[in-house]
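This report concerns only the one structure given below.
Computed from a predicted model, the values in this text were never measured in an experiment.
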Amino acid sequence: MLLSQAWETYESDKRIEGFSPQTLKVYQLQVNLLIRHSGDVEIGSITTEQLKDYFSKSSTTLKPSSLAHRIRSMKSLLRWSHEEGHISKNPTAKIKEPKAGKRIPKFLTDSEIEHLREACYTPLEKALFEFMFSTGCRIGEIVTLDKNNFNWSNHSAIVRGKGDKEREVYFNIRCDIWLKRYIESRVDSDAAIFVTERHPHRMSKAQMRYIIKRISRRAGINKEIHPHQLRHSYATHLLNNGAPIEVIQSLMGHEKSETTRIYAELSGRLRKEVYQKYF
């Protein structure tokens with residue numbers, strides 16, 4: 001079985017298992033890069049030494065986290081191939097991912113949030129900004145949201161997160177007001193909660209990023225602002241106001257508690273900085 005054929009069978013199998021289209025798209029890119037490097041070879045002919053050589057060359061141009069993702073993609077495909085009996089042994093079994101350094105999430109201060117809030121001019125800008133900040137949703141979760149995903153009496157919405165998992169998120173009164181004003185201002189009948197300003201249709205991730213960038217330029221904040229910073233700011237805000245880690249983990253849709261605990265470390269660093277500054 002050729003590497004390309006193994007990928008096609010693997011992809012079909014993982015779609016049935018519920019892998020998200022985005023995850024499979026990223027994995028396919030990694031398989032295509034390996035084919036470009038080694039050719040569309042028989043999958044059973046791939047050796048541990050060949051893969052180590054490939055990953056070693058990749059390490060000169062990739063960050064440890066990107067290299068780890070490349071290795072993880074190949075390990076998933078070849079482990080599956082071994083389990084399905086397409087190859088006699090798994091050549092990635094003894095290949096380990098590089099240790100990636102911890103990245104402290106970049107968040108916005110309360111003052112910066114207020115400056116951004118004041119820089120929102122239109123009902124769309126106000127509704128999008130408030131929804132991002134008050135729910136902590138990933139941008140990919142927001143673009144797929146429809147109006148019928150909302151429970152207005154409960155100030156909540158059902159979003160579809162990573163791994164196609166659904167969860168309920170909540171928004172505050174301010175967000176509720178601007179969402180309703182925005183929807184009332186629209187003349188289209190599109191099902192999406194957020195649509196483009198011209199020729200209304202479902203807004204893309206790039207268009208949402210552009211709107212947040214436009215707001216940040218107006219606000220005059222001397223740093224690059226992107227939607228994921230609002231997600232980080234949401235988590236930090238919850239933590240600083242006493243929310244338990246387990247609750248934040250659930251609200252953000254983190255599969256592992258370790259991911260959420262990064263914010264606790266961040267909060268601890270902030271407390272230390274404030275202490276050193278004023279004591």
Side-chain angles (χ1 to χ4, degrees), residues 1-106 138-141 143-144 160-166 204-206 209 226 228 231-232 249 252-262 265:
M1 179 183 283
L2 297 177
L3 187 51
S4 60
Q5 293 171 326
W7 162 256
E8 288 173 3
T9 311
Y10 167 90
E11 182 184 28
S12 298
D13 207 18
K14 295 305 176 183
R15 281 189 189 279
I16 295 170
E17 282 185 30
F19 273 43
S20 73
Q22 185 61 32
T23 298
L24 290 172
K25 186 177 179 181
V26 173
Y27 276 29
Q28 184 176 24
L29 172 63
Q30 296 301 332
V31 173
N32 289 341
L33 288 171
L34 180 60
I35 290 174
R36 189 184 301 172
H37 176 267
S38 306
D40 194 9
V41 297
E42 285 287 334
I43 194 166
S45 69
I46 298 173
T47 65
T48 302
E49 289 69 29
Q50 288 172 335
L51 288 171
K52 283 184 175 180
D53 178 65
Y54 172 58
F55 294 139
S56 176
K57 288 175 180 175
S58 300
S59 67
T60 60
T61 56
L62 295 178
K63 294 178 182 177
S65 57
S66 299
L67 178 59
H69 177 73
R70 178 165 293 182
I71 293 172
R72 199 154 50 243
S73 302
M74 291 302 101
K75 283 175 80 76
S76 180
L77 172 62
L78 291 164
R79 182 174 58 248
W80 169 87
S81 298
H82 179 243
E83 289 170 353
E84 292 293 311
H86 300 305
I87 54 178
S88 59
K89 63 178 182 177
N90 177 7
T92 65
K94 294 185 178 180
I95 296 178
K96 296 181 180 179
E97 298 174 25
K99 289 184 178 179
K102 274 187 180 178
R103 290 187 299 172
I104 300 298
K106 295 177 181 177
R138 303 175 180 94
I139 191 171
E141 295 168 343
V143 296
T144 59
R160 196 176 295 275
K162 287 186 176 181
D164 207 33
K165 293 177 182 175
E166 289 187 344
S204 68
K205 291 181 186 179
R209 289 191 187 101
H226 52 80
H228 218 67
R231 178 169 161 83
H232 293 325
Q249 179 184 350
M252 296 191 75
H254 285 155
E255 188 174 339
K256 298 177 181 177
S257 61
E258 290 80 5
T259 308
T260 317
R261 291 189 187 282
I262 293 173
E265 183 177 332

Just how far is it from atom CG of Asp40 to atom CG of Asn32, taken to the nearest 0.5 Å? 9.5 Å
Minimum heavy-atom distance between Gln30 and Ser73, given as atom pair plus value: CG-OG, 3.6 Å
Can you name the nearest heavy-atom pair linking Arg209 to Ile139, along with the distance? CG-CD1, 3.7 Å
Check the angle between the aromatic planes of Tyr54 and His37 and answer parallel, tilted or perpendicular using the 30° and 60° thresholds. tilted
Hey, what do you get for OH (Tyr10) to CD (Gln28), rounding to the nearest 0.5 Å? 11.5 Å
Minimum heavy-atom separation for Ile71 to Pro98, with atom names? CD1-CD, 3.8 Å
Leu51 vs Leu78 side-chain heavy atoms within contact, under 4.5 Å: yes
Side chains of Ile43 and Trp7, heavy atoms from C-beta outward: is any pair under 4.5 Å? no
Nearest 0.5 angstrom please: Ile95 CD1 to Arg72 CZ, how far? 14.0 Å
Between the side chains of Ser58 and Arg70, is a donor N or O closer than 3.5 angstrom to an acceptor N or O? yes
Does some side-chain heavy atom of Leu3 sit less than 4.5 Å from a side-chain heavy atom of Leu77? yes
Minimum heavy-atom distance Leu67-Ser59, with the two atoms named: CD2-CB, 3.7 Å
Taking the side chain as every heavy atom from C-beta outward, state whether Val31 and Met74 have any pair of such atoms under 4.5 Å apart. yes
Beyond-backbone contact of His69 with Tyr27, side-chain heavy atoms, under 4.5 angstrom: yes
When rounded to the nearest 0.5 angstrom, what distance separates CG in Leu34 from OG in Ser4? 11.5 Å
Heavy-atom pair of closest approach, residues Asp13 and Glu84: OD2-OE2, 4.1 Å
What distance separates Lys165 NZ from Arg160 CZ, expressed to the nearest 0.5 Å? 13.0 Å
Do Met1 and Thr9 have side chains that approach each other closer than 4.5 Å (heavy atoms only, starting at C-beta)? yes
If you look at every heavy atom in Ala68 and Glu97, which pair is closest and at what distance? CB-OE1, 3.7 Å
Run the side chain to side chain contact (heavy atoms under 4.5 Å, CB included) test on Arg231 and Arg138 for me, step by step, so that the C-alpha distance in whole Å, both residues' side-chain angles and the decisive distance to 0.1 Å come before the verdict. CA-CA 7 Å; Arg231 178 169 161 83; Arg138 303 175 180 94; 3.3 Å; yes
Salt-bridge present (Lys14, Glu17; N to O < 4.0 Å): yes
Under 3.5 Å, is there a donor-acceptor pair between the side chain of Ser38 and the main chain of Ile35? no
